[in-house]
Number of protein chains: 2
Amino acid sequence: MKKFEEKTYHTETIYTGKIVQLDIDSVTLPDGNTSKRELIKHPGAVAVIALTDEGKLVLVEQYRKPMEKSMVEIPAGKLEPNESPESCALRELEEETGYTSDHLEKVTSFYTSPGFADEIVHLYFTDQLKKLEEGPAGDEDEFVELLELTLEEAEQMEKDERIHDAKTAYALLYWKLRGAK
Amino acid sequence: MKKFEEKTYHTETIYTGKIVQLDIDSVTLPDGNTSKRELIKHPGAVAVIALTDEGKLVLVEQYRKPMEKSMVEIPAGKLEPNESPESCALRELEEETGYTSDHLEKVTSFYTSPGFADEIVHLYFTDQLKKLEEGPAGDEDEFVELLELTLEEAEQMEKDERIHDAKTAYALLYWKLRGAK
């Protein structure tokens with residue numbers, strides 16, 4: 001769907017980093033006027049709603065610099081070049097939690113900030129986890145702590161704003177609708 | 001919570017725009033090593049889950065440049081300086097849909113992209129809408145079309161990826177849990 005399309009007549013790349021690229025597009029609007037759009041390009045990400053055999057949700061706590069606070073989120077991470085979302089989901093699950101699974105079910109995908117960024121999150125579900133013998137591998141310059149919570153505990157953490165991001169908020173509703181133990 | 005805190009020893013502002021600011025923070029990690037963080041600063045936003053008297057969800061379709069496609073989303077918009085989230089929610093509802101309400105209920109708030117951005121969305125619910133006589137006011141350089149959908153229609157649109165963003169995906173689950181008519 002291209003309704004109300006904004007046609008680009010010039011793109012200026014302001015910055016290309018490890019995670020984001022910032023472009024300013026000059027566009028022609030549907031009424032013929034022109035405007036500028038600030039666009040963050042992002043490689044995309046995955047996240048996993050993972051339930052243990054005890055019916056608990058697997059979460060990771062890490063420091064989130066943009067907010068200057070540590071946050072509790074479902075396991076997630078950025079797509080590497082040429083990596084499929086499903087491979088990435090499995091890799092991030094293993095690296096961050098020390099669990100693996102041979103049964104990842106696609107839930108949905110969504111753009112996180114459609115007004116200014118093209119970041120998409122591909123979301124998976126599994127309730128078939130196996131512990132890796134070697135434990136979580138971790139990732140360079142990532143400091144992460146594992147949590148396993150009941151729905152009630154997770155909802156309390158959401159009230160306390162320790163769970164405070166879109167994909168994890170979505171995951172809690174999804175879990176509830178699917179029927180938490 | 002400051003667990004695994006990353007202490008900033010230098011900030012470089014790369015770009016300051018109308019919507020986003022891009023900073024590169026140089027940080028000291030918990031293990032004493034250093035790293036850089038790409039940070040998008042955003043003023044924050046609101047969104048409204050608004051149900052008509054017929055029990056339909058109010059949505060708006062608009063072109064989203066980062067994805068180069070038009071998307072159907074719940075009414076939303078950026079906070080103006082010194083504007084409260086609730087005032088902003090009411091203003092965006094009126095501007096984009098031509099409805100108003102004297103009963104906006106806070107649902108939750110969440111950060112959309114905690115890995116690289118500080119954008120927060122404050123989410124409201126109302127099923128008490130009144131039509132403004134003058135209709136939607138619109139906003140400079142915004143082209144928006146109004147839709148009112150049943151849950152079934154909205155879920156089909158999500159399957160077709162015309163609804164394809166985090167806040168609207170969240171809204172559909174929330175509506176379902178609350179009990180759609």
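Lettering of chains follows the sequences in order, A, B, ..., and the numbering in each one begins at 1. This is a predicted model, so every value here is computed, not measured.
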Where do [X] and [Y] come nearest, in terms of heavy atoms and distance?
X: Y111(A); Y: K69(B); value: CE1-CE, 4.2 Å
X: F4(B); Y: F143(A); value: CD1-O, 3.5 Å
X: E68(B); Y: K2(A); value: O-NZ, 2.9 Å
X: H42(B); Y: F116(A); value: CD2-CE2, 3.3 Å

[X] with [Y], same ILVMFWY side-chain cluster at under 4.5 Å:
X: I163(B); Y: V107(B); result: yes
X: L51(A); Y: L90(A); result: no
X: L132(A); Y: Y99(A); result: no
X: V60(A); Y: L93(A); result: yes
X: V48(B); Y: L149(B); result: no

Under a 4.5 Å heavy-atom cutoff, which of [options] has the most pairs with chain A?
options: L177(B), V27(B), D118(B); answer: L177(B)
options: N33(B), D23(B), V144(B), V121(B); answer: V144(B)
options: E145(B), K176(B), E158(B), K41(B); answer: E145(B)

Other residues, nucleotides, ligands: >12 heavy atoms within 6.0 Å of E152(B) CD: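 Open: at most 12 neighbouring heavy atoms sit under 6.0 Å from CD of E152(B).
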
Evaluate whether atom NZ of K7(B) has more than 12 neighbouring non-hydrogen atoms of other residues, nucleotides or ligands under 6.0 angstrom away.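 Open: at most 12 neighbouring heavy atoms sit under 6.0 Å from NZ of K7(B).
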
Answer yes or no: is there a side-chain heavy-atom contact under 4.5 Å between E161(B) and F110(A)?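 Side-chain contact under 4.5 Å: no.
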
CD of Q21(B) to CG of L22(A): how many Å apart, nearest 0.5 Å?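 Here the interatomic distance stands at 11.0 Å.
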
Distance check, rounded to the nearest 0.5 Å: S35(A) atom OG versus K65(B) atom NZ?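 Answer for the OG-NZ pair, S35(A) versus K65(B), is 11.0 Å.
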
Using non-hydrogen atoms only, which part of E38(A) is less than 4.5 Å away from chain B: side chain, backbone, both, or neither?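 Contact with chain B involves the side chain of E38(A) alone.
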
So which of M71(A), E61(A), Q62(A) actually passes side-chain contact (heavy atoms from CB on, under 4.5 Å) with K3(B)?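 Among M71(A), E61(A), Q62(A), the one meeting side-chain contact (heavy atoms from CB on, under 4.5 Å) with K3(B) is E61(A).
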
Heavy-atom distances under 4.5 Å only: say whether [X] touches chain A with side chain, backbone, both or neither.
X: I120(B); value: side chain
X: L39(B); value: side chain
X: I24(B); value: side chain

Under 4.5 Å, counting heavy-atom pairs only, tell me which of P30(A), A45(A), G77(A), G17(A) racks up the most with chain B.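 Heavy-atom pairs under 4.5 Å are most numerous for P30(A).
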
Could you have a look at A76(A), G115(A), P114(A) and say which one has the most heavy-atom pairs with chain B under 4.5 angstrom?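 Looking at each of A76(A), G115(A), P114(A) in turn, P114(A) comes out on top.
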
Tabulate, in ascending numerical order, the residues of residues 164-174 of chain B having at least one heavy atom closer than 4.5 Å to a heavy atom of chain A, or enter 'none'.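 Under the 4.5 Å heavy-atom cut-off, H164(B), D165(B), A166(B), K167(B), A169(B), Y170(B), L173(B), Y174(B) qualify.
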
